[in-house]
Amino acid sequence: MRVIAVEPLGAETLLVLTLEGAGADIIARVGRETRLRTGDAATILLDAAAVQLFDPATTRAVARHANS
């Protein structure tokens, strides 16, 4: 993935990442100690239980299934 924006928020930092050619971005909340900067390449590992998805048409959170 490629870092396209970094937003320090004090105790944490938001990273906007893109998978080149996929047409979708991911926003990741990471610790403030991150050394990633705009333009850096990044490898991410996702905890499926912690992922929150949003509907791009409505911007509303997609409900999680109880057995997921």
Side-chain angles (χ1 to χ4, degrees):
M1 302 206 74
R2 180 80 45 201
V3 179
I4 57 174
V6 178
E7 185 175 349
L9 299 175
E12 59 191 23
T13 298
L14 296 181
L15 299 175
V16 181
L17 304 136
T18 189
L19 181 58
E20 295 166 357
D25 297 338
I26 293 175
I27 299 174
R29 186 173 58 194
V30 300
R32 68 177 173 201
E33 67 280 352
T34 186
R35 296 186 186 274
L36 290 169
R37 300 291 174 246
T38 300
D40 287 350
T43 299
I44 63 168
L45 302 173
L46 300 176
D47 177 354
V51 171
Q52 179 63 64
L53 301 175
F54 293 86
D55 181 323
T58 66
T59 68
R60 292 184 181 204
V62 175
R64 297 178 189 207
H65 296 294
N67 60 357
S68 299

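For the numbers below, each heavy atom of this structure counts, side chains included, while hydrogens, waters and symmetry mates do not.
One hydrophobic cluster holds both Leu19 and Leu46 under the rule that ILVMFWY side chains link at heavy-atom gaps under 4.5 Å. Under the 4.5 Å side-chain heavy-atom criterion for grouping Ile, Leu, Val, Met, Phe, Trp and Tyr, Val51 is connected to Ile26 within one hydrophobic cluster.
The CD atom of Glu7 sits 10.0 Å away from the CD atom of Glu12 when rounded to the nearest 0.5 Å. To the nearest 0.5 Å, the span separating OG1 on Thr34 from CG on Leu14 amounts to 11.5 Å. Between the OG1 atom in Thr13 and the CG atom in Leu36 there is a gap of 9.5 Å [rounded to 0.5 Å]. Of the inter-residue distances, the one linking Thr18 atom OG1 with Met1 atom CE reads 6.0 Å to the nearest 0.5 angstrom.
Looking only at distances, a side-chain donor or acceptor of Arg2 sits under 3.5 Å from a matching main-chain atom of Gly39.
Among the candidates Leu17, Leu15, Val30, the single residue satisfying the side-chain contact (heavy atoms from CB on, under 4.5 Å) test with Ile44 is Leu17.
Minimum interatomic distance between Phe54 and Thr59 (heavy atoms only, all atoms of both residues): CD2-O, 3.6 Å.
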